[in-house]
There are 2 protein chains.
Amino acid sequence: MSRQRRPQTLYRRIHTDIENKIRSGEWAAGARIPVEHALMAQYGCARATVNKAVSALAAAGLIERHRRAGSFVAQPRIQSEVVEIPDIQAQTVRQGGQYGFRLLSRRMRNAAARRPEELALARGEPLLELRGLHIVNERPFALEERLISLAVVPEAGAADFHALPPGSWLLQHPILSKVWTDAEHRINAVNIEALAAGLLEISQGTACLAVERRTWRGEEQITYVRTIFRGDAYGLTARFKPDRG
Amino acid sequence: MSRQRRPQTLYRRIHTDIENKIRSGEWAAGARIPVEHALMAQYGCARATVNKAVSALAAAGLIERHRRAGSFVAQPRIQSEVVEIPDIQAQTVRQGGQYGFRLLSRRMRNAAARRPEELALARGEPLLELRGLHIVNERPFALEERLISLAVVPEAGAADFHALPPGSWLLQHPILSKVWTDAEHRINAVNIEALAAGLLEISQGTACLAVERRTWRGEEQITYVRTIFRGDAYGLTARFKPDRG
DNA sequence: AAGGATTTGTACGTATGTATT
DNA sequence: TAATACATACGTACAAATCCT
């Protein structure tokens with residue numbers, strides 16, 4: 001054999017060789033990738049090995065494969081990005097900061113018909129409404145409003161949210177951390193109103209990030225959360241590599 | 001054989017069976033997944049088939065695999081989300097809207113040492129600075145400031161950005177759409193200042209989403225873009241399913 | 001500390017099915 | 001219809017990592 005050293009596994013080498021050709025632009029979008037038999041010959045390996053490498057690229061969205069037609073470099077799509085929206089408590093503690101949560105209010109009531117986000121959550125059924133303040137290094141950091149459907153998560157009615165913020169409680173709950181099947185985030189900029197400004201100790205009208213999160217289990221909505229981050233102290237960041245599909 | 005109809009392929013059936021057990025909570029985080037030989041026996045198939053299904057789950061981050069130790073359900077991580085940050089022009093046209101771009105200014109200059117985002121882009125080397133307005137349905141929609149390193153992308157010096165917004169130009173350029181290897185987004189809320197407010201036709205101080213984007217090719221930074229979206233007209237949305245890893 | 005057992009990782013070669021041209 | 005190229009699956013083999021004795 002001619003190979004003295006194998007820097008990685010064979011299928012991974014094929015994978016990265018092709019990926020590099022695509023990312024460098026040598027193989028442009030729409031270009032045809034050599035057929036599996038050609039790659040077999042080129043690398044002197046079995047077809048299963050080639051197939052594993054190329055199928056992985058297809059699963060990652062870098063190429064498209066069609067029977068009989070062949071494999072082609074996919075069109076790039078810049079739109080899809082990964083944004084980290086961290087758990088505030090975990091993030092703070094990891095960075096050596098002090099974290100606190102102050103429960104501002106907690107009440108049970110029925111969903112109001114005139115507010116669409118509540119109606120979707122529970123058509124007239126009981127809701128748990130929570131409001132609280134995330135505190136980082138003894139300064140207010142974010143304001144959270146949460147609605148939990150008691151029809152779906154009756155256990156929440158008995159939980160003590162003074163010690164643990166509801167987000168962490170939901171995450172740590174052995175069953176509940178897995179009940180959701182779909183989620184949606186909406187990110188907006190808002191001028192903060194007087195009341196919330198007072199709680200966050202910033203001046204009225206300051207631009208803040210509002211992150212809304214909804215979760216579902218199947219067709220049933222479980223929670224609605226709206227978190228308003230102090231605009232001067234928080235931004236979302238994402239680092240990523242080009243994706244295709 | 002007992003199977004009359006095969007709803008999908010075998011490895012996909014194994015894949016979804018396991019995924020359902022995890023997502024339903026029947027197999028909690030940390031739980032051990034049956035070893036491959038057990039799954040072989042259970043499904044009456046070869047190890048390669050089991051391996052393909054379980055390896056795909058590992059690649060997707062739902063489970064972790066370790067030689068000799070076994071395969072385990074991964075801890076859920078809520079932090080990682082997918083946010084669509086669409087190309088404004090493509091998005092607008094797809095929805096049947098009218099799109100326009102107005103170039104406000106364009107000049108070449110050297111990077112200023114006192115502005116860190118410029119210095120990282122080109123240490124004293126020439127930059128192309130562009131400012132422009134995205135217009136949707138004849139109303140201003142977003143304000144864009146862009147810096148392009150002419151050392152990395154000399155072709156940009158000759159391009160006509162009156163017809164095509166620079167973002168689309170970069171995307172459509174056959175070579176340039178593939179040169180970047182890394183990118184970063186930063187999303188903040190800002191109170192818009194007077195000058196920009198006038199261009200966007202909103203009142204000064206309105207909360208707007210500011211999306212900063214940096215792209216690199218290896219160690220070299222290629223572009224820095226800051227887009228300020230009219231706060232009342234734009235929000236980011238993401239829909240996703242639980243992820244693990 | 002050494003060695004055997006277990007479990008996943010990679011790869012081979014073969015076979016057959018399926019979608020598309 | 002026939003040929004092509006990918007899709008799935010089988011059974012085998014050996015390697016690598018790790019756990020247990």
Side-chain angles (χ1 to χ4, degrees), chain A residues 1-19 21-22 27 30-74 244-245, chain B residues 1-19 21-22 27 29-75 244-245:
Chain A
M1 302 298 114
S2 59
R3 258 189 282 113
Q4 284 97 339
R5 59 187 173 146
R6 201 177 27 144
Q8 358 171 19
T9 62
L10 180 50
Y11 96 84
R12 191 164 290 278
R13 198 186 138 211
I14 300 173
H15 182 109
T16 55
D17 279 1
I18 295 175
E19 180 173 4
K21 286 221 169 68
I22 294 173
W27 290 353
R32 183 167 192 177
I33 299 220
V35 300
E36 293 188 348
H37 278 101
L39 293 170
M40 278 175 68
Q42 179 181 340
Y43 289 96
C45 66
R47 224 197 95 196
T49 306
V50 168
N51 184 275
K52 184 172 181 178
V54 184
S55 295
L57 286 164
L62 266 167
I63 70 176
E64 284 178 28
R65 315 197 78 191
H66 301 283
R67 282 165 160 143
R68 161 65 189 169
S71 301
F72 304 88
V73 178
R244 283 146 184 281
Chain B
M1 302 294 121
S2 59
R3 256 190 281 115
Q4 283 96 338
R5 56 185 175 147
R6 200 180 26 145
Q8 1 171 15
T9 62
L10 180 52
Y11 95 86
R12 191 164 291 278
R13 196 187 140 210
I14 300 173
H15 182 108
T16 54
D17 279 0
I18 296 175
E19 181 173 4
K21 285 220 171 68
I22 294 174
W27 290 352
R32 184 166 191 175
I33 298 216
V35 299
E36 294 189 347
H37 278 99
L39 292 169
M40 279 174 68
Q42 178 181 343
Y43 290 95
C45 67
R47 220 196 88 190
T49 306
V50 169
N51 184 274
K52 184 170 181 179
V54 184
S55 296
L57 287 165
L62 267 167
I63 69 176
E64 284 179 27
R65 315 197 76 192
H66 301 283
R67 281 165 160 145
R68 161 65 193 176
S71 302
F72 304 87
V73 178
Q75 294 296 324
R244 284 147 185 279

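Worth knowing before you read on, the calculation uses all heavy atoms, side chains too, and leaves out hydrogens, waters and symmetry mates. Here the structure is a predicted model, which means the values were calculated and not measured. Reminder, nothing fancy here: chain letters follow the sequence lines and each chain counts from 1.
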Taking only the side-chain heavy atoms of A46(B) (C-beta and beyond), determine which of dA7(D), dA19(C), dC10(D) contains the nearest atom.
dC10(D)
Here the distance between atom P of dA11(C) and atom NE2 of H15(A), to the nearest Å, is 13 Å
Where the side chain of R68(A) is defined as all heavy atoms beyond and including C-beta, which of dC10(D), dA16(D), dA19(C) is the nearest nucleotide?
dA19(C)
Side-chain atoms of S55(A) come closest, of dT10(C), dA7(D), dG9(C), to dA7(D)
Base, sugar-phosphate, or nothing for R12(A), non-hydrogen atoms under 4.0 angstrom?
nothing
Closer than 4.0 Å, any side-chain N/O of S71(B) to the OP1 or OP2 of dT8(C)?
yes
Choose from dA7(D), dG11(D), dC12(C) the nucleotide whose nearest atom is closest to any side-chain atom of L10(A).
dC12(C)
A69(A) vs T49(B), nearer the 5' end of DNA chain D by closest nucleotide
A69(A)
Any chance you could lay out the side chain to side chain contact (heavy atoms under 4.5 Å, CB included) test for L57(B) and I33(B), step after step, and finish with the verdict?
CA-CA 11 Å; L57(B) 287 165; I33(B) 298 216; 5.7 Å; no
Rounded to whole angstrom units, what separation is found between the CE atom of M40(B) and the P atom of dG11(D)?
7 Å
Answer with yes or no whether R47(A) presents, from its side chain, a donor or acceptor under 3.5 Å of a partner atom in the base of dA7(D).
yes
Looking for any heavy atom pair under 4.0 Å, which part of the strands does H66(B) touch: base, sugar-phosphate only, or nothing?
sugar-phosphate
Measure the distance from CD on E36(B) to C1' on dC10(D) and round it to the nearest whole Å.
15 Å
If every non-hydrogen atom of H15(B) is compared with every non-hydrogen atom of A53(B), which pair is closest and at what distance?
ND1-O, 3.5 Å
Once you round it to whole Å, what is the distance between P of dT6(C) and CZ of F72(B)?
16 Å
So do P34(A) and W27(A) actually touch side chain to side chain, heavy atoms under 4.5 Å?
yes
Without decimals, in angstroms, what is the distance between L39(B) CG and dT7(C) P?
12 Å
N/O (side chain, K52(B)) to phosphate O (OP1/OP2, dA9(D)) under 4.0 Å
no
Among dT8(C), dA7(D), dT10(C), which is the nearest nucleotide to the side chain of T9(A)?
dT10(C)
Tell me whether the side-chain N/O atoms of R65(B) come closer than 4.0 Å to OP1 or OP2 in dG9(C).
yes
In this structure, how many angstroms lie between the P atom of dT6(C) and the NE2 atom of H37(B), rounded?
11 Å
Return the minimal non-hydrogen interatomic distance between T49(A) and C45(A), and the atom names on each side.
CB-SG, 4.0 Å
Out of dA9(D), dT7(C), dG11(D), minimum distance to the side chain of R32(B) belongs to dT7(C)
Atom OH of Y43(B) and atom C1' of dC10(D): how far apart are they, to the nearest Å?
18 Å
Using whole Å, what does the distance between atom P of nucleotide dG17(C) and atom CG of N51(A) come to?
18 Å
